[in-house]
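Down below is the structure, laid out as structure tokens.
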Amino acid sequence: MNPIQSTLPILGFAAWSGTGKTTLLEAMLPKLVEHSIRVAVIKHAHHNFDIDKEGKDSYRLRKAGAAQMLISSRYRRAMVTETPDEEASLPQLIAQLDLNTLDLILIEGFKKLSFPKIELHREEIGKPWLFPEDNNIIAIASDVPAKTDLPQWDINDLDKLTQFVADFAKQQSGQSLNCSDLNPSGMLSVAEGRDRILTQIVAPTTETTVKLKDALGQIVANDILSPVNVPQHTNSAMDGYAIRSDDLGRDSYQVIAHVMAGHSYEQPLNLGESVRIMTGAPVPQNADTVIMREQATQDGDTVTFNLSMGAIKPGQNVRQAGEDLAIGQAAVQAGTQITAPELGMIASLGLDFVTIRPQVKVAMFSTGDEVQHPGEAQKPNCIYDSNRYTLHAILSKIGCEVIDLGIIEDSEQALETTLTSASQQADLILSSGGVSVGDADYIKTVLDKLGQINFWRINMRPGRPLAFGHIDTTPFFGLPGNPVAVMVAFMQFVEPAIRRLQGIPDWQAPFFHAVAEEQLRSRPGRTEYSRGIFGIDANGRLTVRSAGKQGSGILRSMSEANCLIEILPEQPGVEVGEKVRVIPLENRI
Ligand SMILES: Nc1nc2c(c(=O)[nH]1)N[C@H]1C(S)=C(S)[C@@H](COP(=O)(O)OP(=O)(O)OC[C@H]3O[C@@H](n4cnc5c(N)ncnc54)[C@H](O)[C@@H]3O)O[C@H]1N2
Ligand code: MOO
């Protein structure tokens, strides 16, 4: 049988019924989303099925004879197509997906067709292995060992299984985009450059404990487990009256106490009784329902509730102990950068110290005799140094300690001294300028002398020239001099390396898709990063347009942009109305 063709990676799950395919997929999907993998699932059903429930408008219209029923809302859409004559084939189904917005297609069912599959096996089902008969099976998840050389894991080890699926998606997408076909010889694609860099970056395993406030912007080293229940007690979410849910329907209740936040009423609540309670105060034993004060009239120690303002629902307006976090639950996961919510949450657990990854120290300098310090009178034919300022800002934003080595004069000796001292102080070294072809050869001479540096040309714009290697054991990046190229190259190559040094191995920049409001040009084979402005149009669609002139030195359009528009090598350009990938800049630069 011919293998199923698709431009996106396809992976199926082969199993006998009762093995729990859907349950496993349901548990795996949120984890794949965490890996930033956008998944479509195609599921085969053996029997007749109705996707919309009897009585719903879409159901009624379909039953009334609509051959195709397309229903759409702000949040989702669904297409129900009647296929009275013949079931759709898997390739026809794949063709219905919006492949531009996906990274992976998972298939449940269609087990006779030829595409890569993971076999799921549970011994208690009592069915034979499938892999001896199906050479499309590439791995096994089972509760007993299988006699095969295929990779295999415990079917209950969801993390390992997810990692395999995520790696498969990434590896296959790399294969479906044949870089050597796309790139003129001698140039690396963005992905190839990044991969080469990342294989040479080793994450340190050290950690350090700091005071809570000093952890702002830093990376959590280990999962922070909650030592307490949050909230500590089951408590009231409103100022009002607590009663028992098995005691609804009375005309009135006797108010037997008044509980302020920080206090409690220690007696069990009896039938007919009510406790006046403040927001945050613990609800008494037996009480589980709070009616807000606006709905109540208290006369002496009797309270009545105005039900015309809303019926009382058992359990309403009560926050359960541990509902936010239960004791032992991970409040913040290892690898998270601490921002305001994490700082507040850690404080809310009563913790005032946090164990973090040591701050990554980045030494940086500018090169070029034409580059001048801001504040000096401008010399003829010179340019003020903006790169150390943009780099300082981005590095601080992502939690690095910056060692600013200034502007290095054009001399072998000065550069050698600077690089040697940088490699001793820093975890990573950054320079800008002097990496393209026509530049002072002394930079290459010094780098060759001190370390192992490769000068690459990346098939992207801006940011074509890039040097990468090590001075002693410290990673070194030579970024291009042009002010926008330096920022774009930083985001594509340096930030993933720093994230790895921070202990986040599979960091990926967030992106989404938006509809182009105007035509965007690109050269096929090259990744084009245009400064863009995204927004929402009158129809609620995410749209994007260019932020203006795109020269590699024009910082103004970078300042006005709120995103980079990434036009991929396989895209010849983007027409009006087409979807394009957008990398938001907020929180990145
Ligand atoms: N014959 C070729 N010329 C150039 C090529 C090429 O492939 N062949 N590539 C072009 C591209 S693309 C870029 S990007 C630049 C990068 O060159 P360098 O990394 O060698 O950078 P410089 O020549 O030193 O500077 C380029 C540009 O940027 C200004 N600059 C430098 N440092 C700073 C700074 N700290 N702050 C602000 N501006 C800075 C510098 O004055 C130049 O205008 O090469 C192209 N040429
Ligand atoms: O790509 Mo250069 O990096 O165009 O300015």
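A quick note: this is a predicted structure, and the numbers were derived from the prediction, not measured. Ligands are counted one by one from 1 in listed order, and the atoms in each one are counted from 1 as well.
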Item to check | Selection from Gly463, Gly481, Ala467 by shortest heavy-atom distance to atom 39 (C) of ligand 1 | outcome: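 Selected option, by shortest heavy-atom distance: Gly481.
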
Checklist entry - Which option, Gly463, Ser552, Pro480, owns the non-hydrogen atom nearest atom 1 (O) of ligand 2? => result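 Answer by nearest heavy atom: Gly463.
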
Specify side chain, backbone, both or neither for [X], according to which of its non-hydrogen atoms lie closer than 4.0 Å to ligand 1.
X      : value
Asp385 : both
Asn387 : both
Pro483 : side chain

Checklist entry - Testing Ser431, Ser432, Ser366 for side-chain hydrogen bond (donor to acceptor under 3.5 Å, both in side chains) with Asn387, which one passes? => result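 For Asn387, the side-chain hydrogen bond (donor to acceptor under 3.5 Å, both in side chains) check succeeds only for Ser432.
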
Checklist entry - Do you know which of Arg464, Arg461, Arg523 makes salt bridge (Lys or Arg N to Asp or Glu O under 4.0 Å) with Glu528? => result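 Among Arg464, Arg461, Arg523, the one meeting salt bridge (Lys or Arg N to Asp or Glu O under 4.0 Å) with Glu528 is Arg461.
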
Need the ligand 1 atom indices (1-based, order shown) with element for anything under 4.0 Å from a heavy-atom of [X].
X      : answer
Tyr384 : 36 (N), 37 (C)
Ser366 : 35 (N)
Ile383 : 38 (N), 41 (O)
Arg457 : 7 (O)

Next on the checklist: Whether Lys31 and Asp159 form a salt bridge (side-chain N of Lys/Arg under 4.0 Å from carboxylate O of Asp/Glu) is what I want to check.
Outcome noted: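 Salt bridge: yes.
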
Item to check | Side-chain ion pair, Arg388 and Asp385, N-O less than 4.0 Å | outcome: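 Answer for the salt bridge query: yes.
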
Item to check | Distance filter under 4.0 Å to Arg464 heavy atoms, resulting ligand 2 atoms | outcome: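 This gives 1 (O), 3 (O) as the contact atoms.
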
Checklist entry - Which ligand 2 atoms are under 4.0 Å away from a heavy-atom of Ala485? => result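 The atoms of ligand 2 under 4.0 Å from a heavy atom of Ala485 are 3 (O), 5 (O).
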
Checklist entry - Side chain of Gln359, backbone of Gln218: donor and acceptor closer than 3.5 Å? => result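 Side chain of Gln359 to backbone of Gln218: no pair is present.
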
Item to check | 4.0 Å heavy-atom contact, Gly553 with ligand 1 | outcome: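 Gly553: no contact with ligand 1 (<4.0 Å).
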
Next on the checklist: Please determine whether any non-hydrogen atom of Pro462 lies less than 4.0 Å from an atom of ligand 1.
Outcome noted: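 It does not, in that no heavy atom of Pro462 comes within the 4.0 Å cut-off of ligand 1.
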
Item to check | Polar contact flag for Arg461 and ligand 2 (N/O pairs, less than 3.5 Å) | outcome: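 No, since none of the N or O atoms of Arg461 sits under 3.5 Å from an N or O of ligand 2.
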
Item to check | Heteroatom distance test (Met460, ligand 2): nitrogen or oxygen, under 3.5 angstrom | outcome: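 By distance alone, the answer is no.
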
Checklist entry - What orientation do Phe534 and Phe512 show, parallel under 30°, tilted 30 to 60°, or perpendicular over 60°? => result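 Answer is perpendicular, since the angle exceeds 60°.
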
